[in-house]
2 protein chains.
Amino acid sequence: MALDGNTLRTRRTVERILAESLRLFNARGEANVTTATIAGALEMSPGNLYYHFRNKERIVEALFERFEARIDMDPQPSGGAAQAIEDLWLYLHLVLEAIWEYRFLYRNLDDLLARNRRLRDVFNRIIDHKLAAVDALCADLVAAGAMRATPEEIRVLARNVLVVATYWLNYQSIRKRRDDLSAADLGTGAHQVLSLVAPYLLGEARAHLDALSRPYID
Amino acid sequence: MALDGNTLRTRRTVERILAESLRLFNARGEANVTTATIAGALEMSPGNLYYHFRNKERIVEALFERFEARIDMDPQPSGGAAQAIEDLWLYLHLVLEAIWEYRFLYRNLDDLLARNRRLRDVFNRIIDHKLAAVDALCADLVAAGAMRATPEEIRVLARNVLVVATYWLNYQSIRKRRDDLSAADLGTGAHQVLSLVAPYLLGEARAHLDALSRPYID
DNA sequence: GTCTATATAGGGATAGAC
DNA sequence: GTCTATCCCTATATAGAC
């Protein structure tokens, strides 16, 4: 069924609102961006903004849904230990990039999830998913003889991977001035996360990982 | 010089305000606690509260100063590898306890430090201090033959220790319901942090650390 | 769909009496 | 030192015209 002109225009406006909101939220923090600011940046009236979104929380929810779709990916099942290391590396970068794009969600994650039950549940499902993915990747590496770790060690390790990946940008934004934060810091983040895994790797795999992360040392 | 009755009363009132603010901030998050709420909980008028603190931020700053004094401790310099492991364990518990007591600071750390330059600088000095302490502890362990790690590995490791220690409670508060969070979760946190160090430890030291953290596995 | 104008509410903070 | 009353500002959200 074809879309008429007005429907198309509505969609474009919704898109503009979401894009600008994301930009402003990431730059200043969601709590520090008013609906009037968003409307103003788009040279649009507040009334018009509220025509498209019932309230500010709906904008946040819409952005969260996109984030959810964006970050919901699985590492490629791989053949061979060397390939598994590469896959881990790539997967980590993709995940960190998604977090970077929606980094406003990670500032004040506590408050955001505390005030919105739905977001909280979804976010926890994402974490569960990621924990399982890391766990599976490690199990594969152990099976391939590229890693030595007990299932218990892997569980604890996976949790640390999640903590560091989740909060890396927050930590960096404290250590540098927030404005200086850039996508380049993702490389350092990936390095930090992979260094959690490194000491459990054996021979070839360990060397391979070291070679991959070397450029990102800082 | 002796204090007169009024001065003593003032001090007591200041203490009551700080204690109640800390309690409420930790329970609900600083942004979700109004000055009227604090005053009400103390059965005190808002005007009176403002007699003792020029504004809400001053209350936060006063609490932060206490946190700073509370967390500013050094690990005991130790003799012997086994002793060093025990020291690390104890030190970590003390630090995590301090964070627990002032956990409201760690929710919305970004916003808090972004809006208050002084707090930001002080907090970064604390982190610098802790990074140096972890670094020194690891260097001691290496010197004692209880750890194998390059200086570069130690630097990256120390950073991961800081990230996990700093954000552990935030992670837990997402994973559990925030109200269910308790001081007992500090044990799990200590376990997570120490598991970062464990794979670099050798023989005795490793076994010793495993034995210490075993009760906290969850 | 978009605008202008405005209602509404909450929270930080102050004035002035006691 | 403490209270009551209230100001003031900001931000969300709505009403109604175009």
Side-chain angles (χ1 to χ4, degrees), chain A residues 2-22 24-25 27-64 104 107-108 111-112 114-116 119, chain B residues 2-22 24-25 27-64 104 107-108 111-112 114-116 119:
Chain A
L3 300 169
D4 64 32
N6 277 350
T7 307
L8 279 173
R9 180 142 62 114
T10 295
R11 292 215 179 158
R12 271 221 341 269
T13 306
V14 165
E15 285 310 313
R16 287 177 63 226
I17 292 172
L18 288 177
E20 188 64 22
S21 299
L22 179 57
L24 288 167
F25 288 170
R28 308 185 195 169
E30 181 261 327
N32 306 314
V33 177
T34 71
T35 50
T37 303
I38 299 168
L42 293 166
E43 293 178 317
M44 169 190 295
S45 67
N48 192 12
L49 186 145
Y50 275 90
Y51 172 80
H52 292 283
F53 289 92
R54 181 146 50 85
N55 55 40
K56 191 184 171 188
E57 190 74 1
R58 286 299 176 102
I59 299 179
V60 172
E61 287 176 359
L63 288 171
F64 188 88
F104 85 91
R107 282 173 69 164
N108 299 18
D111 278 344
L112 184 69
R115 75 177 188 238
N116 192 320
L119 294 199
Chain B
L3 300 170
D4 64 31
N6 276 350
T7 306
L8 280 173
R9 180 143 61 117
T10 295
R11 292 215 178 156
R12 270 219 344 267
T13 306
V14 165
E15 284 311 312
R16 287 176 64 225
I17 292 171
L18 288 178
E20 188 63 21
S21 299
L22 179 58
L24 289 167
F25 289 170
R28 308 185 195 169
E30 181 262 327
N32 305 314
V33 177
T34 71
T35 51
T37 304
I38 299 168
L42 294 166
E43 293 177 316
M44 168 190 295
S45 67
N48 193 12
L49 186 146
Y50 275 91
Y51 172 80
H52 292 284
F53 289 92
R54 182 145 48 85
N55 55 39
K56 192 184 172 190
E57 191 74 2
R58 287 297 177 104
I59 299 179
V60 173
E61 288 177 358
L63 289 172
F64 188 88
F104 84 92
R107 283 173 67 164
N108 299 20
D111 278 344
L112 184 69
R115 76 177 188 237
N116 193 321
L119 295 198

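Letters go in sequence order (proteins before strands), and every chain restarts at 1. Computed over heavy atoms, backbone and side chain alike; hydrogens, waters and symmetry mates excluded.
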Asks: Contact between B:E57 and B:N116 at the side-chain level, heavy atoms closer than 4.5 Å - yes or no?
Replies: yes
Asks: When you get a sec, tell me which of C:dT2, D:dT12, C:dG11 is the closest nucleotide to the side chain of B:T34?
Replies: C:dG11
Asks: Heavy atoms, side chains only, cut-off 4.5 Å: are A:L63 and A:F104 in contact?
Replies: yes
Asks: Examine distances only and state if a side-chain atom of A:N32 and a backbone atom of A:R28 form a donor-acceptor pair shorter than 3.5 Å.
Replies: yes
Asks: Measure from CD on B:E43 to C1' on D:dT4 and round the result to the nearest Å.
Replies: 17 Å
Asks: Quick one: A:N48 CG to D:dC18 P, roughly how many Å, whole number?
Replies: 17 Å
Asks: A side-chain contact here means heavy atoms from C-beta on lying under 4.5 Å apart; do A:E30 and A:N108 qualify?
Replies: no
Asks: What is the separation between atom CD1 on B:I17 and atom P on C:dG12, rounded to the nearest whole Å?
Replies: 14 Å
Asks: Just to be sure I understand the geometry, which residues of residues 50-64 of chain B put a non-hydrogen atom under 4.0 Å away from DNA chain D?
Replies: B:Y51, B:H52
Asks: Is the shortest heavy-atom distance from the side chain of A:L49 to the side chain of A:I59 under 4.5 Å?
Replies: yes
Asks: For D:dA13, does either OP1 or OP2 sit under 4.0 Å from a side-chain N or O belonging to A:T35?
Replies: no
Asks: Looking at B:S45, does any N or O in its side chain come under 4.0 Å of the phosphate oxygens OP1/OP2 on D:dT2?
Replies: no
Asks: Ignoring hydrogens and geometry, is there a side-chain-to-backbone donor-acceptor pair from B:T37 to B:V33 under 3.5 Å?
Replies: no
